[in-house]
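Quick notes on the structure that follows.
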Amino acid sequence: MNANEPHEQGTGGWSQFGATPPSAGGFPRRDTVIMDTPPPPPAPPKKPGFTTAQKAVAGLALAAMAFGGGVAGAVVANSFRSEPVVAAAPSPVFKSASNQFTVAQVAAKVQPSVVAIQLSNVGGSGVVLSPDGLILTNNHVVASAGNGGPITVKFSDGKTAKATVIGTDAATDLAVIKAQDVSDLTPLPLGNSDNLKVGDAVLAIGSPLGLDGSVTAGIVSALNRTLREGSDEQQQQVPPGWGQLQQQQEQDQAQPTTIGDAIQTDAAINPGNSGGALVNAAGQLVGINTAIATQGSSGNIGVGFAIPVNTAKQVADQLVKDGKATHAFLGVSVTDATGDVPGALIRQVSSGSPAAKAGLKQGDLITKIGDKAVDGGDTVVGQVRGFKPGQQVKITYMRDGKPNEVTVTLEEKK
């Protein structure tokens with residue numbers, strides 16, 4: 001104990017202040033003592049500081065901070081407070097500019113709006129668009145229903161309903177179906193896929209391998225991918241070295257199609273997730289899950305792809321209104337370029353097409369459409385399908401080794 005602090009001795013009372021404890025606000029009365037010499041000047045006030053014990057604790061806390069981060073910060077705070085402070089580990093959190101939810105909160109918010117879709121021999125997923133039963137999914141999920149096969153929809157509460165096809169679009173691999181005799185469903189809020197950035201947190205929700213309502217978390221790992229789904233040999237094409245794309249068991253029913261501006265994610269997407277939701281941190285739909293990359297027969301290697309919601313909304317609105325979707329038409333056939341300059345080589349220009357009217361010719365090398373660099377023929381096909389008839393698009397191309405630009409007014413494909 002510090003010798004300058006008051007302490008008790010036996011039963012004699014407070015030794016520093018005599019027998020009577022100090023009154024509030026002052027010291028006890030004492031007899032006056034006359035001194036021959038003036039008292040020495042008072043010692044200069046001590047600078048505030050830590051006691052030896054506090055310094056020791058602070059030193060240990062600072063040393064721990066190098067290894068413990070936030071935990072060490074809690075130790076330092078506890079050392080100089082009269083009451084202890086408990087540092088709790090935070091739960092996983094999705095963060096965006098205006099919203100902050102845990103993964104569990106996003107999943108709970110979205111799950112009532114995602115359904116399982118079952119046909120006679122295949123399964124997939126879908127997203128609720130309206131309270132009265134409109135559901136968005138992939139064309140390849142419901143392709144076999146074109147032969148009159150029944151469709152059953154299962155909701156998150158376990159209830160089921162029969163469904164019919166409203167419209168399909170093989171070019172974008174999208175379809176809209178309608179569940180019968182249902183009401184008060186929860187539509188999934190739509191986000192804006194143009195606002196996505198690489199690294200954004202996302203959840204994929206669907207029914208992989210028949211497991212209804214499954215949730216996987218990941219990030220947007222790339223944007224603007226161009227994919228070719230399906231072919232006569234069933235070898236779906238992805239960027240070089242990635243193997244194949246895998247959809248569902250019914251992939252042989254789907255026509256080959258090229259999808260532009262696809263969202264790439266490392267959230268696990270498996271057969272049965274097709275047609276399900278890819279949502280952002282605010283629980284908004286940003287993509288329709290459609291395919292995964294596989295390496296030979298090894299299965300899922302953790303790279304999935306989704307159709308951007310802006311494309312999906314544009315097509316879904318047309319399917320609901322007209323039962324079919326219209327697409328922009330450029331009027332060229334292209335192949336991958338060979339040589340040092342990447343691009344798409346024009347093999348043929350259709351007479352009277354938008355490309356012909358703009359002055360594009362056979363042998364021109366398309367290097368950019370709008371602001372999107374072209375690295376092959378599929379990029380041109382995928383990009384054009386993302387535009388609307390009547391839209392003006394700037395095309396950058398090489399002719400005789402010189403760069404050129406032209407603005408093309410796209411038309412509706414007949």
Side-chain angles (χ1 to χ4, degrees), residues 90-97 99-111 114 124-125 127 138 140-141 173 188 191-209 211-229 236-248 251 259-312 375 378-379 382:
S91 61
V93 171
F94 270 178
K95 295 181 180 178
S96 66
N99 302 88
Q100 181 170 321
F101 299 107
T102 65
V103 173
Q105 287 171 330
V106 174
K109 177 181 178 181
V110 172
Q111 280 180 319
V114 181
S125 305
V127 176
N138 282 141
H140 75 261
V141 170
D173 193 20
L188 188 56
N192 185 350
S193 50
D194 288 344
N195 292 339
L196 285 176
K197 295 179 176 61
V198 174
D200 282 349
V202 288
L203 291 183
I205 302 179
S207 302
L209 308 176
L211 303 173
D212 302 346
S214 295
V215 179
T216 54
I219 63 170
V220 174
S221 53
L223 293 167
N224 302 318
R225 295 296 193 193
T226 300
L227 311 173
R228 184 186 299 164
E229 295 183 352
Q236 292 86 14
Q237 296 183 9
V238 297
W242 284 11
Q244 301 174 246
L245 282 182
Q246 181 176 343
Q247 296 173 327
Q248 303 274 344
Q251 60 188 6
I259 296 176
D261 286 336
I263 303 164
Q264 178 186 318
T265 178
D266 66 348
I269 296 175
N270 292 284
N273 271 122
S274 288
L278 188 73
V279 301
N280 63 13
Q284 299 170 326
L285 183 70
V286 294
I288 299 296
N289 301 321
T290 187
I292 60 172
T294 64
Q295 191 66 46
S297 60
S298 62
N300 185 10
I301 61 172
V303 180
F305 301 93
I307 301 167
V309 69
N310 291 7
T311 299
D375 54 10
D378 285 345
T379 306

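- In this structure, Val309 and Gly191 approach most closely via the heavy-atom pair CG1-O, 3.6 Å.
- In terms of modelled atom types and a separation under 3.5 Å, the side chain of Asp266 and the main chain of Gly218 share no donor-acceptor contact.
- Side-chain contact check for Pro271 versus Ile292: some heavy-atom pair is nearer than 4.5 Å.
- Side-chain contact between Gln264 and Val303: present, with at least one pair of heavy atoms (C-beta onward) separated by less than 4.5 Å.
- Qualifying side chain to side chain contact (heavy atoms under 4.5 Å, CB included) partners for Ala306, counting only residues two or more places apart in sequence or in other chains: Ile263, Leu278, Asn289.
- Shown here are the side chain to side chain contact (heavy atoms under 4.5 Å, CB included) partners of Pro208, two or more places apart in sequence or in another chain: Ser214, Asn270, Asn273.
- Asp200 is linked by a salt bridge (charged side-chain N to carboxylate O under 4.0 Å, His left out) to nothing, counting only residues two or more places apart in sequence or in another chain.
- When all heavy atoms of Gly272 and Ser125 are compared, the pair lying nearest together is O-OG, 2.6 Å.
- To the nearest 0.5 Å, atoms CG (Leu203) and CD1 (Ile219) are separated by 13.0 Å.
- Between the side chain of Thr216 and the backbone N or O of Ala268 there is at least one donor-acceptor pair closer than 3.5 Å.
- The backbone N or O of Asn310 lies less than 3.5 Å from a partner atom in the side chain of Ser193, making a donor-acceptor pair.
- Counting heavy atoms from C-beta on, the side chains of Leu223 and Asp261 never come closer than 4.5 Å.
- For Ser274 (side chain) and Ala291 (main-chain N/O), no donor-acceptor pair under 3.5 Å exists by modelled atom type.
- Residues Ala277 and Val114 share a closest heavy-atom pair of CB-CG2, 3.9 Å.
- With Lys197 contributing its side chain and Val220 its backbone, the two residues share no donor-acceptor pair below 3.5 Å.
- Of all heavy-atom pairs between Val215 and Ala107, the closest is CG2-CB, 4.1 Å.
- One distance of note links CZ of Phe305 with OG of Ser221; it measures 7.5 Å at 0.5 Å rounding.
- Rounded to the nearest 0.5 Å, atoms CG (Asp378) and CZ (Arg225) are 13.5 Å apart.
- Note that CG of Leu188 is 8.0 Å distant from CD1 of Ile205, once rounded to the nearest 0.5 Å.
- The distance from atom CG of Asp173 to atom CG of Asn138, rounded to the nearest 0.5 Å, is 4.5 Å.
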